[in-house]
Colleague: 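I have a structure I would like to understand better, so I am pasting it below and will then ask my questions one at a time.
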Amino acid sequence: MAQKPSIPKGTRDFSPAEVAKRNYIIQTIKKHFEIYGFQPIETPSFENSETLMGKYGDEGDRLIFKILNSGDFISKVDDVTYSSKNSALLTPKISEKALRYDLTVPFARYVVMHQNEIDFPFKRYQIQPVWRADRPQKGRFREFYQCDADVVGANSLLQEVEFVQLYDAVFTDLGLKGTTIKINNRKILSGIAEVIGAKHLLVDFTVALDKLDKIGEGKVKEEMLEKGISESAIEKARPLFSIAGTASEQLERLRGLLADSEIGMAGVGELDEIISTVENIGLQSAQLQLDVTLARGLNYYTGAIFEVAAPEGVQMGSIGGGGRYDDLTGIFGLKDVSGVGISFGLDRIYLVMEELNLFPDSLDTSLDVLCLNFGEKEGLEALKLVASMRKAGLRADLYPTAAKMQKQFKYADKRGVPYVVLLGEEELKAGAFVVKEMKSGQHKTYALDTAAVFAKDIS
RNA sequence: GUGGUUGUAGCUCAGCUGGUUAGAGCGCUGGAUUGUGGUUCCAGAGGUCGCCGGUUCGAACCCGGUCUUCCACCCCA
């Protein structure tokens, strides 16, 4: 007997019902991307390794799926490297390509390669899978979809405001009420690191700070000490641990804390402008919240940082994130192009919506009407009827064999078909077809040539 | 990458301190019902107990390895 097939850890098959729900989310996101003036692009599933490596930090490099070279790749490795058993040295010799890790870096690469064809500011969206060699958990997969929208070539803070509105628009449309859009600014984090004299440890400082709400003040301090941040520096950062209140109150305290840091004050100014503009315009269902402990590990962010938390009570990591990166294209040789963008985590949004039961019932219906098969002669007539129903825009199908009524009805029931058409000997003689509405059990008769009337009746 | 956890029928799960032919519910197939589904009744099919190895007279059960699931780290959508 053949062995049981399986799929790799952290990957999934999607059933028709699941695909319908995923498409619903994608369509909604796509609709708003386009309403906001973004244009779609697509990039390859895999890139040259040097395009990706080193862009996401050491941790990121570890999580990038590397693709083995083709051919007899091992014989081309020199003996010293081969026998060193050092993965870091050996990897670049046997792997030149890697699966994309996110959509932002490939986009930066795209912008640089196509800079002469692009009209700036360039607003693009991209909905494609990405891969991470992570250990799977709930809401964490090795293959998952990101839905990104970015703008490059525009420095205005209005872009940040627009992205907050975009998040709000999408989540409102999906019926996902009560999301929290957390915002912070990398410059504030830099300013704090500068003020407390830990500028060189910025990343360690922010990564630790990011965990404040999760592990508490004590543990955060512990981790900072471990990373080599001095006791006195942590003491200086103390006000951060208890900062609270409205955005403007928090900003006021930050102004006091960061008075001596030019970059820190710049960050406060930016945040102030973004938040006050959003407050001025108003949001539909989301909530914008200043969170000075929000860090995000990606080290290419330079200005605003976003992260979206699911509604309260749902156990899920962030369902979206993004920020401004002033020099991402610089790595690929194009200077002075600022970008800002956000990402929607499709797979996590799906899980949250499933948990909150937010998918519309209509997604379950994959067929509007099933025509039962009574035999050769009747079947032929039914096929003509089905054709005219399809022409009228209905999703219609004919049961392929003249199986027993019970079986055909059972099939219709299972598929969740709302209407079943009976076209048997009697109907054929009368030049009519009978429609049974499955939910009510009621019958209605139509003339054979009036499929369009029926279509109109049920729409 | 570190630590833990899980795996028995299509699905959800029982299975005693190791002891003959591994069970239930749901689902599936057929029938009661040759033009009416969702209810009911009857019958039936379906399992290398994740995989490999070890201990034992004997392993679903104990041990080791491996894969998978979920969880906590790390990190992140």
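Naming: A, B, ... by sequence-line order, numbering from 1 per chain. Keep in mind it's a predicted model, so treat the numbers as computed, not measured.
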Colleague: Looking for any heavy atom pair under 4.0 Å, which part of the strands does A:Gly320 touch: base, sugar-phosphate only, or nothing?
Modeller: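 Sugar-phosphate contact only - A:Gly320 comes under 4.0 Å of backbone atoms but never of a base.
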Colleague: Would you measure the distance from the P atom in B:rG46 across to the matching atom in B:rG10 and give it in whole Å?
Modeller: 11 Å
Colleague: Taking side chain as C-beta onward, heavy atoms only, is A:Thr401 less than 4.5 Å from A:Tyr399?
Modeller: yes
Colleague: Choose from B:rG30, B:rG35, B:rG1 the nucleotide whose nearest atom is closest to any side-chain atom of A:Leu422.
Modeller: B:rG35
Colleague: Mind calculating the distance between OH (A:Tyr411) and P (B:rU29) to the nearest angstrom?
Modeller: 12 Å
Colleague: Is the distance from OP1 or OP2 of B:rC28 to the nearest side-chain N or O of A:Lys410 less than 4.0 Å?
Modeller: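 For B:rC28, OP1/OP2 do not have a side-chain N/O of A:Lys410 under 4.0 Å.
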Colleague: Consider the side chain of A:Ser318, meaning its heavy atoms from C-beta on, and name the nucleotide among B:rU68, B:rC71, B:rA77 that approaches it most closely.
Modeller: B:rA77
Colleague: Measure up the A:Tyr101 and A:Tyr56 rings against each other and bin them: parallel (under 30°), tilted (30 to 60°), perpendicular (over 60°).
Modeller: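 The rings of A:Tyr101 and A:Tyr56 sit tilted, inter-plane angle from 30° to 60°.
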Colleague: Do A:Arg135 side-chain and B:rC76 base share a donor-acceptor contact under 3.5 Å?
Modeller: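 In this structure, the two groups form no donor-acceptor pair.
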Colleague: To the nearest Å, how far apart are A:Tyr419 OH and B:rU36 P?
Modeller: 22 Å
Colleague: Check every atom of B:rG35, B:rC75, B:rG37 against the side chain of A:Asp413 and return the nucleotide holding the closest atom.
Modeller: B:rG37
Colleague: Take the protein atom CD of A:Glu437 and the nucleotide atom C1' of B:rU36, then report the distance between them rounded to whole Å.
Modeller: 15 Å
Colleague: Quick one: A:Arg100 CZ to B:rC76 P, roughly how many Å, whole number?
Modeller: 20 Å
Colleague: Defining pairs by Watson-Crick or G-U wobble geometry with both distances under 3.5 Å, how would you list the stems of RNA chain B with at least three pairs each?
Modeller: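 Stem list for RNA chain B: B:1-4 with B:70-73, B:10-13 with B:23-26, B:28-32 with B:40-44, B:50-54 with B:62-66.
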Colleague: P atom, B:rG1 versus B:rG58: distance in rounded Å?
Modeller: 38 Å
Colleague: Side chain of A:Gln137 only, heavy atoms from C-beta on: which candidate in B:rU69, B:rC73, B:rG35 is closest?
Modeller: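 Between B:rU69, B:rC73, B:rG35, the one nearest the side chain of A:Gln137 would be B:rC73.
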Colleague: Starting at the 5' end of RNA chain B and moving along, which residue's nearest nucleotide shows up first, A:Ala133 or A:Gly10?
Modeller: A:Ala133
Colleague: Under 3.5 Å, is there a donor-acceptor pair between the A:Arg395 and A:Ser366 side chains?
Modeller: no
Colleague: Reckon A:Lys211 has a side-chain N or O less than 4.0 Å from the OP1 or OP2 of B:rC75?
Modeller: yes
Colleague: With heavy atoms under 4.0 Å as the rule, sort A:Gly57 into base, sugar-phosphate or nothing.
Modeller: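 No contact at all - A:Gly57 keeps every heavy atom at 4.0 Å or more from the nucleic acid.
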Colleague: Let's see if you can work this out: which of B:rC74, B:rC71, B:rC76 has an atom nearest to the side-chain heavy atoms of A:Lys138?
Modeller: B:rC71
Colleague: For residues A:Phe38 and A:Phe163, establish whether the separation of their ring centroids is below 6.0 Å.
Modeller: yes
Colleague: Give one of base, sugar-phosphate or nothing for A:Phe344, where a contact means two heavy atoms less than 4.0 Å apart.
Modeller: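 Answer is nothing: A:Phe344 stays at 4.0 Å or more from every strand.
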Colleague: For A:Phe144 and B:rA77, do the ring centres fall under 5.5 Å apart while the planes stay under 30° apart?
Modeller: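 Stacking between A:Phe144 and B:rA77: present.
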Colleague: May I ask you to say what A:Gly60 touches in the nucleic acid, namely base, sugar-phosphate or nothing, with a heavy-atom cut-off under 4.0 Å?
Modeller: nothing
Colleague: A:Glu223 has an atom CD; how far is it from atom C1' of B:rC75, in whole Å?
Modeller: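 It works out to 11 Å between those atoms.
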Colleague: Assign A:Met405 to base, sugar-phosphate, or nothing according to its heavy-atom contacts below 4.0 angstrom with the strands shown.
Modeller: sugar-phosphate
Colleague: Considering only atom C1', compute the distance from B:rG18 to B:rA77 and round it to an integer number of Å.
Modeller: 47 Å
Colleague: From the list B:rG31, B:rC76, B:rG35, which nucleotide is the closest neighbour of the side chain of A:Lys404?
Modeller: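 Of B:rG31, B:rC76, B:rG35, B:rG31 is nearest to the side chain of A:Lys404.
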Colleague: Heavy atoms from C-beta onward define the side chain here; which of B:rC75, B:rU36, B:rG37 lies closest to that of A:Leu63?
Modeller: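 Output: B:rC75.
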Colleague: Out of B:rA77, B:rC75, B:rG35, which nucleotide sits closest to the side chain of A:Glu426?
Modeller: B:rG35
Colleague: Please give the distance between the P atoms of B:rC28 and B:rU17 as a whole number of Å.
Modeller: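 Between the two P atoms, the distance is 37 Å.
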Colleague: Hey, does the side chain of A:Lys414 come within less than 4.0 Å of B:rC28's phosphate (OP1/OP2), counting only N and O?
Modeller: yes
Colleague: Will you find, in the side chains of A:Gln287 and A:Gln289, an N or O donor that is under 3.5 Å from an N or O acceptor?
Modeller: no
Colleague: Could you state the atom-to-atom distance from CD1 of A:Ile64 to C1' of B:rC74 in whole Å?
Modeller: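 Taking CD1 of A:Ile64 and C1' of B:rC74, I get 16 Å after rounding.
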Colleague: Do A:Leu99 and A:Ile67 make a side-chain contact, defined as non-hydrogen atoms from C-beta onward lying under 4.5 Å apart?
Modeller: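 A side-chain contact under 4.5 Å exists here.
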Colleague: What I want to check is whether the side chains of A:Tyr301 and A:Asn184 have a donor and an acceptor closer together than 3.5 Å.
Modeller: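 Their side chains do not contain a donor-acceptor pair, so the 3.5 Å distance test is not met.
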Colleague: Which nucleotide in the list B:rG37, B:rU69, B:rG30 gets nearest to the side chain of A:Lys436?
Modeller: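 Closest of the options to the side chain of A:Lys436: B:rG37.
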Colleague: Any side-chain heavy atom of A:Lys436 within less than 4.5 Å of one from A:Phe409?
Modeller: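 SC-SC contact between A:Lys436 and A:Phe409 confirmed.
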Colleague: Is any side-chain N or O of A:Arg415 under 3.5 Å from a base N or O of B:rG37, one able to act as donor and the other as acceptor?
Modeller: no
Colleague: Around atom CD of A:Glu355, are there more than 12 heavy atoms from other residues, nucleotides or ligands closer than 6.0 Å?
Modeller: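 It does: A:Glu355 CD has more than 12 such atoms within range.
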Colleague: Write down the distance between CG (A:Leu294) and P (B:rC76), rounded to a whole number of angstrom.
Modeller: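 Rounded to the whole Å, the gap is 11 Å.
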Colleague: Starting at atom CD of A:Gln406, determine the distance to atom P of B:rA32, rounded to an integer number of angstrom.
Modeller: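 After rounding, the reported distance stands at 9 Å.
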Colleague: Could you measure between the two C1' atoms, the one in B:rU6 and the one in B:rC49, and give it in whole Å?
Modeller: 15 Å
Colleague: Nearest-nucleotide wise, let me know which of A:Glu427 and A:Ile215 is further upstream toward the 5' end of RNA chain B.
Modeller: A:Glu427
Colleague: Can you tell me how far C1' in B:rA59 sits from the matching atom in B:rA72, rounded to whole Å?
Modeller: 33 Å
Colleague: Hey, what's the ring geometry for A:Phe33 with A:Tyr125, parallel, tilted or perpendicular (30° and 60° as the breaks)?
Modeller: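 Rings of A:Phe33 and A:Tyr125: tilted, 30 to 60°.
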Colleague: Would you measure the distance from the C1' atom in B:rG30 across to the matching atom in B:rU66 and give it in whole Å?
Modeller: 42 Å
Colleague: Taking atom C1' in both B:rA45 and B:rC26, what distance in whole Å separates the two?
Modeller: 16 Å
Colleague: Do the rings of A:Tyr350 and A:Phe359 sit parallel, tilted or perpendicular, given the 30° and 60° boundaries?
Modeller: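 A:Tyr350 and A:Phe359: tilted rings.
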Colleague: Just N and O in the side chain of A:Lys407: are any of them under 4.0 Å from OP1 or OP2 of B:rG30?
Modeller: yes
Colleague: Compare the minimum distances between each of B:rU69, B:rG35, B:rA77 and the side chain of A:Pro136, then state the nucleotide with the smallest one.
Modeller: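 For A:Pro136, the side-chain atoms sit closest to B:rU69.
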